[in-house]
Amino acid sequence: MKRKGILIIVSGFSGAGKGTLVKKLIEEYDGYALSISATTRQPRPGEEDGREYFFLQKEQFERKIAENGLIEYACYCDNYYGTPREYVEQQLDDGKDVILEIEIQGALKVKKQYVDALLLFVMPPSAEELRRRLVGRGTETEEVIDKRMRRAAQEAQGIEEYDYIVVNDDLAECVRQLHEIVTAAHNTPDRNKEFIENIRTELEGEK
Ligand code: 5GP
């Protein structure tokens, strides 16, 4: 039986450590593919086009929307962010578990189109720790940090839409937990309809 890939959405407040977490997960375990989003925000120092994001001009991004080239897109803190469709569908067909690291508006749009998607929300241990991590990153101005903290308060209202939360306190433990959740998700009846049907048919034949 060919294993079908799961579309995994990882959301969490800016600064919760999603990026590091997902990077470790992919390094440590096989079978994952990371979707690279398109954005109109400026690259941060050290970020490369095609690695962290595809950095686009606003007009280029709007063309992608018009061509139906994005599974979803959202406006986050004055910039567009979106998920290119082609790569995700190819990898899922290939049996890979595809990770989208996206914010909540986009996550809910994806959930409507892909009912089997697995939605995970990464939480910091506390709000204070979240601010500390954002400041420690040293890549954002105080104004942007405040904006992201306000945005976190808004996003916190939607956490119940997710299937699981994971608290990013100890990185290694959090990575292990994420992988366990995905492994368990592969074994839900919903995601194994064909296999279950086949066994049923075989059992009928045994009668
Ligand atoms: P950052 O600017 O910190 O890289 O990302 C800001 C927010 O945008 C994060 O919450 C990140 O998960 C989200 N984001 C990144 N790519 C996408 C995307 O393709 N679609 C949506 N909806 N959100 C995204």
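We use all heavy atoms of the structure for the numbers below, so side chains are in, but hydrogens, waters and symmetry mates are not. Note that ligands are numbered from 1 as they come in the structure, with each ligand's atoms numbered from 1 the same way.
Applying the side chain to side chain donor-acceptor pair (under 3.5 Å) test to pairs two or more places apart or on separate chains, those with a residue in residues 196-207 are E197-R200, E204-K207. Counting only residues at least two apart or in different chains, salt bridge (charged side-chain N to carboxylate O under 4.0 Å, His left out) contacts with residues 72-85 comprise D78-K147.
Between the side chains of Y76 and Q105, no donor-acceptor pair of N or O atoms lies under 3.5 Å.
Near ligand 1, residues K18, S37, R41, R44, Y53, E72, A74, Y76, Y81, G82, T83, E101, I102, E103, G106, R148 come within 4.0 angstrom through at least one heavy atom.
Scored by the ring pair (Phe, Tyr, Trp, His ring centres under 6.0 Å) test, F121 finds F13, Y162 as partners (sequence neighbours excluded).
Looking at D146 and R131, their side chains come closer than 4.5 Å, going by heavy atoms from C-beta outward.
For K109, the NZ atom sits in a packed shell: over 12 heavy atoms of surrounding residues, nucleotides or ligands are nearer than 6.0 Å.
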